[in-house]
Asker: 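What follows is a structure written as structure tokens; I'll ask about it next.
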Amino acid sequence: MRPEILYPLFAPVTALAGVGPRFAKLFEALAGPHTVDLCWHLPSGVIDRRYAPKVAAAQPGRIATVTVTVGQHRAARSPRQPYKIACHDETGELELVFFHAREDYLRRILPEGQQRVVSGKVEVFADALQMTHPDHVAPPEESAEVMTVEPVYPLTAGLSLKVVGKAVRAALERAPELPEWLDPAFLGRQGWEGWRESLGRAHAPEDEADISPLTRARQRLAYDELLANQLALALVRARQRRQRGRSVRGDGRLRGAVLDALPYGLTGAQQRALAEITDDMAAESRMLRLLQGDVGSGKTVVALLAMLSAVEAGGQAALMAPTEVLARQHYQTLQPLAAAAGVGLEVLTGRDKGKSRNAILARLANGEAGIAVGTHALFQEDVEFRDLALAVIDEQHRFGVHQRLTLSAKGRAVDVLVMTATPIPRTLMLTAYGDLEVSQLTEKPAGRLPIDTRALPLERLEEVVEAVARALAEGAKVYWICPLVAESEASDLAAAEERHAALKARFGEGVGLVHGRMAGKEKDAVMAAFSEGPLKMLVATTVIEVGVDVPAASVMVIEHAERFGLAQLHQLRGRIGRGRAKSTCLLLYQGPLGETARARLRTLRETDDGFKIAEEDLRLRGAGELLGTRQSGFPEFRLADLAVHGELLAAARDDARLILDKDAELESPRGQALRTLLYLFERDAAVKFLRSG
Ligand code: ADP
Ligand code: MG
């Protein structure tokens, strides 16, 4: 249960003065639903209102705070014209300008003949000095309160700086003193202040330099957030370790059968990775290992062999894919191999219903199925295994940590292998898993030809169509990737349908279309028709991005390549170059290209190395965006920025480890304070792992 001391921070934003139900939704979208979310809403800039010249000396373009005598009000003559108030001091005249003004209100705050302090940007318009919509209007005795440095907050449509600033101040007032959870010696070394002081300071910048993430106050807050993250992960890991693991050691007979059935031998990297995985499985402790390998590096077969070793040992294994298409495709690929080894394989997705689903569930529960392939449908409560020993999660960054935990709960000490094609920087891995073991597939299967990648302006579309026509005539299969039109699937779809119609008119019935809005069965049918059937060309939105394997496809056209991210383009391109034919990727772009888009396309032409590409992507975009947003399964930080706080993350990891070594149940006074920290950052689930949580 959340400690009482935090109650004021977890009150809804509507508890704050000035935040009614009308604003609540906007605040929720801007920062979050609770008071604490406004505390985390740090300023993004400052407005310095200390510049207080006489009117004649006021520099146009600057924010100024001036004391004036209010003169005549001149109402607007038409709704499109502004309401004006002539003001002056002893040196000159200043006109206040208001659009859509409410006269009674303006007469109340700016009564004729009285002195007022006004603060805002001074501008020259038609030779007159003006201030349009002053940010502040106050009586002269309050001028000191106006002449300050004001924090500027990120805003959203419908919420002005005034409203946001006021709500944040109200939120800060509710923030209690909290017991210190940081080690005093560490705190001293860093020169950091307590939590509340740091929070207050972060919200009271005195100049632009105070907005930097490297100020002491912001570092302290970032560290708190990272420590909460690392401590939560360490607690999960500690609990996993407390539960006994099991040794899963196969005898190699099923793996042998599959290796005999494969048309190729494993690469050195595949063999090494497999050995690391099976060693982990054979150990008494629970495995949590990441298998990292670029697109096309051959992760699937490694996963299959690992799963077979679980089956050899009398257990079962499950392979989880992020999408229906992928789950079905894995099933197609693995089915003949599993059959060669005489192992029962089932596929389970959200599409399976009723009787057939029940039949599948029965085969998982009675062990007839040694291996299950599926989507998150495998997580559902009524799915039971006879003896699940290994869970493999493909392209894991689409699954949350929570789902990973649910899955491990489905068996006795389930070993977990996570596969990803995204070369995730070490820092990001740390935030998602704490420490985990990594196997890498550093080499691609032999005989892969490099993909000839070219960038062409969209004006040369006709030429591209001709080139595609030649490739089709030679028997190639072609992907045609449609542009991301907008943030909306509907308009992406419209563009794809249009292109599909045009290409079909040119090339006939052999042109298929697959997109995200299609029902699962339809998608499968189209993919199958492209993979083995009559389709020669597949027009697609990015649904094919992850994992699809059609070795005969050797040409890819990507329309509006400038709209895609670098990693995304790399993933897309990884769909070709898998077979024996020389492959070509044509990146069609709409000029003129911006600096970043140009750099992206250049990188793509120059290299095919996923790690290099990921590094470049990180450089071009920053860590936050590298893995996409919310679906990524990686924690999002409010206060920490991994691009600049990487060292703090490493320190937080060590700190978390040390803390649990000394006080595994967080019972000491510092331990208690750390519990508060976990709640403060909403890591409530982690606290439940404590015996007395
Ligand atoms: P990814 O790592 O992107 O998931 P896949 O597992 O889909 O890669 O493998 C890509 C292609 O490479 C598949 O067609 C697979 O059959 C093939 N492949 C995998 N391992 C080897 C190997 N050692 N030699 C040759 N081809 C391989
Ligand atoms: Mg794959």
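Numbering of ligands and ligand atoms starts at 1, following listing order.
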Asker: What are the atoms of ligand 1, with element, lying closer than 4.0 Å to any heavy atom of T267?
Answerer: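 Matching atoms, with element in brackets: 23 (N).
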Asker: So for ligand 1, is L266 a polar contact partner (N or O within less than 3.5 Å, distance only)?
Answerer: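 There is no such contact.
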Asker: Indicate whether the side chain of E284 and that of S247 have a donor and an acceptor atom separated by less than 3.5 Å.
Answerer: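 Per modelled atom types, E284 and S247 side chains form no pair under 3.5 Å.
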Asker: Of the side chain and backbone of Q270, name the one, both, or neither that has a heavy atom under 4.0 Å from an atom of ligand 1.
Answerer: side chain
Asker: May I ask whether G293 places a heavy atom under 4.0 Å from ligand 1?
Answerer: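 No, G293 has no heavy atom closer than 4.0 Å to ligand 1.
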Asker: Is the shortest N/O to N/O distance between G265 and ligand 1 below 3.5 Å?
Answerer: yes
Asker: Is there a heavy atom in P263 that sits closer than 4.0 Å to ligand 1?
Answerer: no
Asker: Flag the pair Q590 / E562 as yes when at least one side-chain heavy-atom distance between them is below 4.5 Å, and no otherwise.
Answerer: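 Sidechains of E562 and Q590: in contact.
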Asker: Find all atoms of ligand 1 within a distance of less than 4.0 Å from any non-hydrogen atom belonging to S297, and give their numbers and elements.
Answerer: 2 (O), 8 (O)
Asker: Given Q380 and R357, is the side chain to side chain donor-acceptor pair (under 3.5 Å) satisfied, shown in steps?
Answerer: CA-CA 12 Å; Q380 276 156 13; R357 178 167 188 274; 2.8 Å; yes
Asker: Which donor-acceptor pairs under 3.5 Å do side chains of residues 255-266 form with protein atoms, sequence neighbours excluded?
Answerer:
from: R255; atom 1: NE; to: E312; atom 2: OE1; distance (Å): 3.2
from: R255; atom 1: NE; to: E312; atom 2: OE2; distance (Å): 3.3
from: R255; atom 1: NH2; to: E312; atom 2: OE1; distance (Å): 2.8

Asker: Under 4.0 Å, heavy atoms only, figure out whether ligand 1 is touched by the backbone of D294, its side chain, both or neither.
Answerer: backbone
Asker: Are M518 and V514 packed together at the side-chain level, in the sense that at least one heavy-atom pair is separated by less than 4.5 angstrom?
Answerer: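 A side-chain contact under 4.5 Å exists here.
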Asker: Is the Lys NZ or Arg CZ of K477 less than 6.0 Å from the centre of F530's six-membered ring, within 45° of the axis?
Answerer: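 Output yes; distance and angle both within limits.
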Asker: Going by the order shown, which atoms of ligand 1 are within less than 4.0 Å of some heavy atom of T300?
Answerer: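 Atoms satisfying the 4.0 Å criterion: 4 (O), 5 (P), 6 (O), 7 (O).
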Asker: Taking the side chain as everything from C-beta on, heavy atoms only, tell me whether L441 gets closer than 4.5 Å to Q292.
Answerer: no
